[in-house]
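To keep things clear, I will list the structure first and then write my remarks on it.
Starting from 1, each residue takes its place in the sequence as its number. Indexing begins at 1, ligand by ligand and atom by atom, following the structure's order.
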Amino acid sequence: MRRHETAPPIAIARGRGAWLYDADGRRYLDAISSWWVNLFGHTHPRINRALTEQLERLEHAMLAGFTHEPVVALSEKLSALTGHVLGHCFYASDGASAVEIALKMSAHAWRNAGQADKREFICVAGGYHGETLGALGVTDTALFRAPYESLLRPAHIAASPDARLAGPGESAADVAARALADMEQLLQRHHGRIAAVIVEPLVQCASGMVMHDPGYVGGLRRLCNVYGAHLIADEIAVGCGRSGSFFACEQAGVWPDFLCLSKGISGGYLPLSLVMAREHIYQAFYDDDVRRGFLHSHSYTGNPLACRAALETLAIFEDEAVLDRNRAFARTMTAALQTLAHDPRIAHFRRTGMIWACDAVIADPAAAAGFSRRFAAEAARRELLMRPIGNSLYLMPPYVLDAQDADWLGRRVHDVFDAVMEAT
Ligand SMILES: *Cc1c(COP(=O)(O)O)cnc(C)c1O
């Protein structure tokens, strides 16, 4: 709150495409998709129209004892995108709620199977799954956890598959293999008490766009099968095409038992989250006894407006061959970032799908401490919305930029970096 006295929040008045405009008419390129939610730019004509039409029909109805067309259509579309392997959807509003649902549903499914001891979780070092108590319990980010540590139920933390940990002559796959060996030890020792392993497939976004070899996710699937644990894929940030495929798990060639989606699924318009689950999870709750049912609800679960925004988002993916277009754009964007990538003050330039990241090399710890804040302020002065995580700069733009934008963005990021480093 004290920081706001010297750096007041910027009052955004309107948005159009990739740009946000403040109350004074200054503009900002939203290079991080407003915290990773916005896929096709602000005030998108198609999503606006779909929402306006939905608004005239039905704004909301409870999803207990009732259902509605948008939530049914959305569930069927998403199920089809997994080849109906993840054929069941459970709805909520925010990402953290989806994680809570997956954790509860996993433990409850084991309980219904007569294995009530399986109620502990394994998460991955540096992982982030949201900030409600259950989600925070499987989150390994000291800054978010520390004040609430005494409120949290501890989880087992497995070694990080971070590709940057590769030693000389090692590949990302070697690091992944080492991390999997550590995961296997945990499962060997504790499998009788483990309900599920939770992972952010391909990119741990909140801990600084930490990327790993897709083989890690495939390896987790194998280990979970061998040791009888569920696999929860938290695709809240990496889903919806962000990783390059619609679901990040596709690149590992496996499906989890639970897949959490939120953020981009509504195109960045409205809070919507959901957990997709396999048939065997559904069957674990298929019973006349209400105590064996999954009793979890949120008031705005499956809100029709949010579902309609999600349906239009999926329609845009289909109609505009978005994944192909992104692949072409990614080559252009990567080319536009080459001078930054080769700057001697930059390390670990990396990319997965539509996420670019690199680390600023700052020797002085005092200078490193304020880097992110200084960078964000300088970026805003130069019409750019970016918020580095620690020393890690990243771009996570909406899927609507063209070659000219990429060129502008590449140069502008480097200019901001130069200005911040000179003042450091
Ligand atoms: C953002 C995020 C969450 C939490 O979502 P909220 O909507 O902020 O609660 C959970 N997991 C991952 C991987 C995220 O990036």
Run the salt-bridge test on Lys104 and Glu100 with the 4.0 Å N-O cut-off and return the result as yes or no.
-> no
How about Ser34 and Asp30: does a side-chain donor come under 3.5 Å of a side-chain acceptor?
-> yes
Say whether Thr313 and Tyr269, considering side chains only, have a donor N or O and an acceptor N or O under 3.5 Å apart.
-> no
Provide the closest heavy-atom pair for Phe144 versus Tyr148 in the form atom of the first, atom of the second, distance.
-> O-CD1, 3.3 Å
Looking only at heavy atoms, which two atoms of Asn303 and Glu59 are closest? And how far apart?
->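 Where Asn303 meets Glu59 most closely, the heavy atoms are ND2-O, 3.1 Å.
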Neighbouring protein residues of ligand 1 - any heavy atom closer than 4.0 Å | Trp36, Asp94, Gly95, Ala96, Tyr128, His129, Gly130, Glu200, Asp234, Ile236, Ala237, Lys263
Reference residue Leu274; test side-chain contact (heavy atoms from CB on, under 4.5 Å); the match among Ile101, Thr301, Leu261, Leu259 =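 For Leu274, the side-chain contact (heavy atoms from CB on, under 4.5 Å) check succeeds only for Leu261.
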